[in-house]
Amino acid sequence: MDEKLLKPYDPKNTEERIYKLWEDSGFFNPDNLPGERDKAFTIVMPPPNANGDLHAGHTLFITLEDIMTRYKRMQGYKALWIPGADHAGFETQVVYEKKLEKEGRSRFGMDPEDLYKEILDFTLFNKKNMENQVRSMGASCDWSREKFTLDPDVVEKTQKAFIKMWKDGLAYRGKRTINWCFKHQTSLSEVETESTEEVSPFYYFKYGPFEIGTVRPETKFADKYVVMHPEDTRYAEYTHGQKLIVEWINGPIEATVIKDAVVDMEFGTGVMTITPWHSQVDYELAKKYNLDTEQIIGWDGKLLPVAGEFAGIKIKEARPKIVEKLKEKGLLIKVDGNYKNVIKKCYKCATVIEPQIKDQWFVKMEPLAKMALDSVDRGEIKFIPDNYEKIFRYWMENNIDWNISRQIVWGINIPAWFHDDEVVASIEKPDGEGWIKDTDTFDTWFSSGQWPLMVTDFPEGKDFNTYYPTDVMETGHDLIFKWVPRMVIFGLYLGGKAPFHTVYLHGLVNDAKGKKMSKSKGNVVNPLTLTDKFGTDALRMALIVGNTPGTDLALQEDKVKAYKNFANKMWNATRFVLENTKDFTLPENAEYDEEDKKTDEELKELVKEITAEMDEYKFYLVAEKLYHYFWHSFADIIIERSKKKIIENRNADSAKALLLNQLNTLVVALHPFMPFITEEIWSMIPHHENKQKNLLIIQSWPK
RNA sequence: GCGCGGUUAGCUCAGUUGGUAGAGCAACCCGUUUACACCGGGAAGGUCGUAGGUUCGAGUCCUACACCGCGCACCA
């Protein structure tokens, strides 16, 4: 018997050694798997951001995907799990800008190439760190196929996809209202903003004969259109297009009356002035009536010269000053202090988003979203849990054209050129003089949306034929609208097929009290401290048992500890079995006494049950049932019963065969969940299947 | 405002097509028996958020409401 068994199970001295065994075996790569395997099973790992340490959420998704991959590998599939690393465009740039800030530097004024190089070094360093952490979680992914979102072929394919979309009329350059973050000085897509409800003072001002309401007086300098509902009897005397002179912030201006049904007669006074440059609704109106648009707030968040004496002042500081001035001029009527409105903020720095009009690249979403919806209608994509299909549909049905331009260096450059009013999407500089290169980069989701295609070597690689479409996309439920639809769209548009048939969504990993982990609250649990203390297998079990898909999880240390105890239980049970079967050779077909036969059948029944549940992605049930069976049937009943039989030498062979067979089966079935300890135990116990000893990772799932 | 999810034992959560409520942890009592005290045995603990409805029968289906969480929203 192995000496190690005499001491308690020691994850620290086991896990690294076992992982190396697996990696050296080459079995993570399906090309090296033994036996004939005609069916492929593929999972694309959501590439972790290469800009910091892994958190508990990563451990959860790695565990889930590893369970699926190991299960299918044991079932004889060409099981492929493709790892990756994400440069994470804006996210990483934000992390790096914080680092610069600490060092008293700023990205503004830096040479873009130098900045890019610095961030690249930073990212590559973190990438290595991240990969090692993924390894430590036991991920059986094929590192030989790993991709980074800035690999040259990925960059090239991303740019080519963009050019194809431009030629197909699906990507266009246009002026639209975009979400502008002053701090980061870039535009952001809808999913990169967060809306919060706040109470803001709502001001009523006298505007000529009208009374107008606003929360944003600082945008009102150039408001020269006053809008009311055509059927509002209160303002019947005013006609569309009528001009009046009104006294305003910096003196009298000429105002034009616009009558349009967008105005809600019930709201405020039923009259509003518009600021097309800084409001989507207003911009729509301006386009409709061909009105002037003028920028009031600069890209740096300060008022422009149009603001007169307020020029150069930040909007926050300008607001009270402007209100004060209007008050002095007798134009302030009243202030409502209880007005609730929704404010959009940058999801990274919480800077208030300023709508601005800007020339940007947009993806025309409607035809693409329709393709995605049709695919779901045809039943090509299933969601787990299924209520997420609704959310998916909602996003596809209420699509807004997608702004893919980012004014940051960290990302894939948009291959486009400008010449006066001309725009060309091309990697090479177009013929002729005077072309200016677009310096913007793609929204990171533009490239990661193509990820299942990229990692299977679309379009001509051999992996594409074998592994695309992939099988399961396992990811966080918050990515149901950020990432999943974009992958579906690109998969259908470029690859001709939906990129996966099943979307499995996991919930958030929260702290022990169920509160969201965040650095500012200081309740972040580092998974590495837990694995260090209790072992990786224990943490994996704690994250899986009872954790239904789509539901958030409260991570309690006690739970992890419980599965550490379980690992030790397995260890000690193994010791008992080995000690009591030293002089025993396990026959191919064991002969059981009646009692043991019944027990043998019970386990077979359980295996049948859990196999069905594995196929339904109910890992939370399987893990719990195996835990329960191992502890309360195998250890508590079967082992205890065997003691008597062995001592009394009554049906001892039956008992010994049962011990070995049950332990074998349980170790195999538990392997996807607790890969390290099961592999270690497997190496120490005798088994009759596969006479030549081999690693547990490639053993067959019990039938 | 709209949408989604949740509300089951002290805590964290399961509960598959409606048929007498489950697990783990914690707490309690007893126990050092040839694996294991990171253990064993035992007992305790819930009118399943509220109110209606369908049904022979509802934690499970329907309706309304309450509270918690999350997402979405261009009413100035």
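Throughout, protein chains are lettered first and strands after them, A, B, ... in sequence-line order, and every chain is numbered starting at 1.
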Each base of RNA chain B marked ( ) or [ ] if paired in-strand (Watson-Crick or G-U under 3.5 Å), | if paired to another strand and . if unpaired gives (((((((..((((.....[..))))..((((.......))))......(((((..]....))))))))))))....

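Among the nucleotides B/C72, B/G15, B/C4, the one closest to the side chain of A/Thr548 is B/G15. Closest contact between the side chain of A/Gln556 and the listed nucleotides B/G71, B/C75, B/U12 involves B/U12. Among B/A35, B/A14, B/C11, the nucleotide with an atom closest to any side-chain atom of A/Lys643 is B/A35. Across B/A73, B/U34, B/A35, the shortest atom-to-atom separation from the side chain of A/Ser195 is found for B/A73. The A/Asn387 side chain lies nearest to B/C4 when the options are B/A76, B/C4, B/C74. You'll find that the side chain of A/Ala554 is closest to B/U12, out of B/U12, B/U34, B/C38. The nucleotide whose nearest atom lies closest to any side-chain atom of A/Lys569 is, among B/C4, B/A76, B/C39, B/C39. For A/Pro8, the side-chain atoms get nearest to B/C38 when compared with the rest of B/A35, B/C38, B/A23. With distances taken from any side-chain atom of A/Arg575 to the nucleotides B/A35, B/C25, B/G40, the minimum falls on B/A35.
The residue A/Tyr394 sits close only to the backbone: its heavy atoms come under 4.0 Å of sugar-phosphate atoms, none of a base. Using a 4.0 Å heavy-atom criterion, one finds that A/Phe481 contacts the sugar-phosphate atoms exclusively. Using a 4.0 Å heavy-atom distance criterion, A/His229 is classed as making no nucleic acid contact. Among the atoms of the strands shown, only primed sugar atoms or phosphate atoms (P, OP1, OP2) are found under 4.0 Å from some heavy atom of A/Trp395. If you check every strand for non-hydrogen atoms under 4.0 Å, A/Val227 touches nothing. Residue A/Ala567 is classed as having no contact, given no heavy-atom separation below 4.0 Å to the nucleic acid. A/Ile639 comes within 4.0 angstrom of a base, heavy atoms only. Residue contacts shown for A/Leu5 are absent, as no nucleic acid heavy atom lies under 4.0 Å away. Nucleic acid contact class of A/Lys559 (heavy atoms, under 4.0 Å, all strands): none. A/Glu613 comes within contact range of no nucleotide atom at all, as no heavy-atom separation falls under 4.0 Å. If you check every strand for non-hydrogen atoms under 4.0 Å, A/Tyr620 touches sugar and phosphate atoms only. Residue A/Gly270 is classed as a base contact, given a heavy-atom separation below 4.0 Å to a base. Using a 4.0 Å heavy-atom cutoff across all strands shown, A/Tyr627 reaches sugar-phosphate atoms only and no base atom. Within the nucleic acid shown, A/Asp636 comes within 4.0 Å of sugar-phosphate atoms alone, with no base atom in reach, counting heavy atoms only.
Aromatic ring orientation, A/Tyr563 versus A/Tyr627: perpendicular (interplanar angle above 60°, classes split at 30° and 60°).
Using atom P as the reference point in both B/G1 and B/G10, the two lie 34 Å apart (nearest Å). Separation of the C1' atoms belonging to B/G15 and B/G59 is 8 Å when rounded to the nearest angstrom. Of the C1' atoms belonging to B/U47 and B/U33, the separation is 43 Å, rounded to the nearest Å. A gap of 13 Å separates the C1' atoms of B/U20 and B/A58, to the nearest Å. B/C48 and B/C38 are spaced 34 Å apart, taking the C1' atom of each and rounding to whole Å. B/U54 and B/C74: their C1' atoms are spaced 44 Å apart (whole Å). Nucleotides B/C29 and B/A43 have their C1' atoms positioned 7 Å apart, rounded to a whole Å. Straight-line distance between the C1' atoms of B/A23 and B/A37: roughly 22 Å, to the nearest whole Å.
Summarising the geometry, the separation between CD on A/Glu190 and P on B/A73 is reported as 7 Å, rounded to the nearest angstrom. Atom CG of A/Asp511 is separated from atom C1' of B/C11 by 13 Å (rounded to the nearest Å). B/G71 atom P lies 15 Å from atom CG of A/Leu505, rounded to whole Å. We find that CD1 of A/Ile685 is positioned 15 Å from C1' of B/A35, with the value rounded to whole Å. Here B/A76 presents its C1' atom at 6 Å from CE of A/Met272, a figure rounded to the nearest Å. What separates NZ of A/Lys618 from P of B/U16 is a distance of 8 Å, to the nearest Å. To the nearest angstrom, C1' of B/U34 lies 16 Å from CG of A/Asn649. Atom CH2 in A/Trp631 sits about 11 Å away from atom C1' in B/A37, given to the nearest Å.
Between the NZ atom of A/Lys220 and the OG1 atom of A/Thr273 there is a distance of 3.0 Å, given to the nearest 0.5 Å.
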Please evaluate residues A/Thr193 and A/Asn179 with respect to the criterion side chain to side chain donor-acceptor pair (under 3.5 Å), reporting the C-alpha separation (whole Å), side-chain torsions for both, the decisive distance (0.1 Å), and the verdict. CA-CA 8 Å; A/Thr193 64; A/Asn179 300 302; 4.9 Å; no

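A donor-acceptor contact shorter than 3.5 Å is absent between the side chain of A/Arg575 and the backbone of A/Trp571.
Both tests do not hold together for A/Lys561 against A/Phe534: distance to the six-membered ring centre under 6.0 Å, angle to the ring axis within 45°.
If you find the closest nucleotide of RNA chain B to A/Asn547 and to A/Asn580, the one lying nearer the 5' end belongs to A/Asn547. If A/Val281 and A/Ile391 are placed on RNA chain B by their nearest nucleotide, the residue sitting closer to the 5' end is A/Ile391.
With salt bridges taken as basic N to acidic carboxylate O contacts below 4.0 Å, none links A/Glu294 and A/Lys224. Residues A/Asp596 and A/Arg641 are paired through a salt bridge, judged by an N-O separation under 4.0 Å between the basic side chain and the carboxylate. Remark: A/Lys656 engages A/Asp583 in a salt bridge, criterion side-chain N to carboxylate O under 4.0 Å.
Side-chain atoms of A/Tyr289 and A/Asp260 form a donor-acceptor pair, as typed in the model, at a separation below 3.5 Å. Between A/Asn399 and A/Glu366, the side chains place no donor N or O within less than 3.5 Å of an acceptor N or O (distance only, hydrogens not considered). The closest side-chain donor-acceptor pair between A/Thr275 and A/Asp223 falls under 3.5 angstrom.
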What protein N or O atoms touch nucleotides 29-33 of chain B N or O atoms at under 3.5 angstrom, if any, and at what distances?
none

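Ring to ring, A/Tyr339 and A/Phe202 are close: their centroids are under 6.0 angstrom apart.
An OP1 or OP2 oxygen of B/C39 is reached within less than 4.0 angstrom by a side-chain nitrogen or oxygen of A/Asn565. Between A/His632 and B/G24 there is a side-chain polar atom (N or O) within less than 4.0 angstrom of OP1 or OP2.
In this structure, A/Lys259 places its NZ atom where more than 12 heavy-atom neighbours from other residues, nucleotides or ligands lie under 6.0 Å away.
Partner of A/Tyr629 under the side chain to side chain contact (heavy atoms under 4.5 Å, CB included) criterion, chosen from A/Thr665, A/Leu666, A/Ile610, A/Val607: A/Leu666.
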